[in-house]
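First the structure, in the form of C-alpha cells, and then the observations on it.
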Amino acid sequence: MTDLKELRGKIDDIDRKIVELFQERMEIVSGVAKYKKEKGLPVLNSIREGELIEKNINYLKNKELTPYLKEFYIKLMDLSKDYQRLQIDKAKEGINVCFQGTTGSYSQEALFEYFGSDATSYPVKEFEDVFKKLKDDNISYGVLPIENSSTGAINEVYDLLRKYGLYIVGNMTLKINHNLMAIEGAKLEDIKTVYSHPQAFKQCSEFLKDKGLELIGYHNTAVSAELVSEKKDKTMAAIGSKKAAEVNNLKIIKNNINNDDSNYTRFIIIGKTLETSDINDAISIVFSSPNKVGALYDSLGIFKKNNLNMIRIESRPVVGKPWEYFFYIDFEGDINNEHVKEAIDYIQNNSSYFKFLGNYKK
Ligand SMILES: C=C(O[C@@H]1C=C(C(=O)O)C=C[C@H]1O)C(=O)O
C-alpha cells in the first residue's frame, strides 16, 4: 500500500504549483479588470466562461473527472470575478479629485458624474488652485469648467492650461439648471441682493433684468449659497444648483431661471500625465501663429489635408504682444494615427508657440 505521507508529499508539491499558477492567473485577471473599467464593460462574460469550461474539459484525459473540473472552473471564475470587482472598487475609492468651489457646485456634480460617487472630492477656492493642487501626490485629477453653451469659453481656464504642464485626460458635459434660492420664509419681493458667479448672472440675464436687484459676483455658485445660508438675511439670495440649495438648507424661490433651457457646461478633467488609450478620440492643442499673411490659414489647412475634423477653435490674446493670439484647437483623432502626427508636426514646426494639451474621449 502506498504510504499516505508520500501521497501527501506529492499533493503538497502539486499545490505549490497550483498556488503559483493561481496567483499568476489572478494577476492577469486584475489586468482584465482594469481594461473592463476603462471601457465600461461588465465583469461577467458568460460566453467566455462557457467556452473556457468546454475547452478545458476537452484537455481532460480522465473523463470521469468532467463534472469535477466543470465545478472547479465555475468556482475559480467566481473567485476571479470577486477579485475583479474588488479591484474596480478599490481603483474608484483611491481617486482623489480636486475641484473649484464647494459642496453642491456644478464642478463637484461633474466630478461625481465622471469619476463616480465613490471618488473623494477636494474643494479649492480658485481655478488656479486646482492646477496647483495637482502638485500634491495624493491628488490625481482636477475638474474645471471650460465652456458654456450660452456664454462661451471660460477664458481663465484656457489661459491656465498654457501656464501649467498638465494634460486634459477627459471631458464631461453637464446640463445646468440655475435656481434662485434664499433662506426659509424669504419671498421674491424681499430679495435685494443676489450672489453668484458672474457666468451665472449672464446665463440668467433675462430673469434678472428690470428687477432692481444688486448683483454681486462671487467665486462660485455654491459658495454664494453657503454665504446666503450663513447670513440668514431675507434680502439676500443666491443663484445655483438644486444641490447647492439642498446642502445649504435654502429654499428655491424660482427654479430654472436660465435664459436658455438648453444650458450646458462642458468640464475638462486634467491630470499629471498624458493618458493614451484606443478609446480616445479627441485632441486639444494650443499654438500661436506668426503675424504674417496666410499663417493661420496654412495651419488650419493641414487639418483638411489630413481629413481631420476640427471640433472647436478659441483664441486668447498673447499678453504683451498686442493683436497676437494663441489658438486653441480641438479636433477628432487619436495621437497614434499617422495623419494626426503629420498635422501636429506641421503646426509645431510652423508656430512660434506650441503645446499639446491632451488626447481624451470626446
Ligand atoms: C477574466 C475575465 O472575466 C470573467 C472571469 C473569467 C475568468 O476568470 O476566466 C472569464 C470571464 C468573465 O466572466 C474575462 O472576461 O476574461
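Worth saying up front: this structure is predicted, and the values here are computed from it rather than measured. Only heavy atoms go into these numbers, but all of them, side chains included; no hydrogens, no water, no symmetry mates. Remember, it's 1-based here, ligands and their atoms both numbered in the order they're listed.
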Practice prompt. Identify, by atom number and element, the atoms of ligand 1 in contact range of Leu44, meaning under 4.0 Å from any of its heavy atoms.
Written response: 13 (O)
Worksheet item: Are any of the N/O atoms in Lys81 less than 3.5 Å from those in ligand 1?
Response: no
Worksheet item: Which atoms of ligand 1 have any heavy atom of Gln84 under 4.0 Å away?
Response: 1 (C), 2 (C), 3 (O), 4 (C), 5 (C)
Worksheet item: Starting from atom 15 (O) of ligand 1, which protein heavy atom do you reach first, and at what distance in Å?
Response: Lys36 NZ, 2.7 Å
Worksheet item: Numbering the atoms of ligand 1 from 1, which are under 4.0 Å from a heavy atom of Arg25?
Response: 7 (C), 8 (O), 9 (O)
Fill in: 4.5 Å side-chain heavy-atom contact, Ile344 and Ile347
no
Discussion item. Within the 4.0 Å heavy-atom shell around Leu52, which atoms of ligand 1 are there?
Written reply: 9 (O)
Discussion item. Cation-pi check for Phe72 against Lys70: NZ or CZ below 6.0 Å from the six-membered ring centre and within 45 degrees of the axis, yes or no?
Written reply: no
Practice prompt. On the 0 to 90° scale, with breaks at 30° and 60°, tag the Phe127-His197 ring pair as parallel, tilted or perpendicular.
Written response: tilted
Worksheet item: Are the aromatic ring centres of Tyr158 and Tyr328 under 6.0 angstrom apart?
Response: yes
Discussion item. Looking at Lys243 and Glu109, is any side-chain nitrogen of the basic one under 4.0 Å from a carboxylate oxygen of the acidic one?
Written reply: no
Practice prompt. Please indicate whether any nitrogen or oxygen in Ser46 is less than 3.5 Å from any nitrogen or oxygen in ligand 1.
Written response: no
Worksheet item: Are Arg162 and Phe326 in a cation-pi contact, defined as NZ or CZ under 6.0 Å from the six-membered ring centre and within 45° of the axis?
Response: yes
Worksheet item: What is the nearest protein non-hydrogen atom to atom 11 (C) of ligand 1, stated with its residue, atom name and distance?
Response: Glu49 CG, 3.5 Å
Fill in: contact_flag Val43 ligand 1 heavy-atom lt 4.0 Å
yes
Worksheet item: Can you find a heavy atom in the side chain of Leu227 that is under 4.5 Å from one in the side chain of Asn248?
Response: no
Worksheet item: Which atoms of ligand 1 are found less than 4.0 Å from any heavy atom of Ser80?
Response: 5 (C), 6 (C), 7 (C), 8 (O)
Fill in: Lys/Arg N to Asp/Glu carboxylate O, Asp261 vs Lys175, below 4.0 Å
yes
Worksheet entry | Interfacing atoms of ligand 1 (cut-off 4.0 Å, heavy-atom, Arg48) | 10 (C), 11 (C), 16 (O)
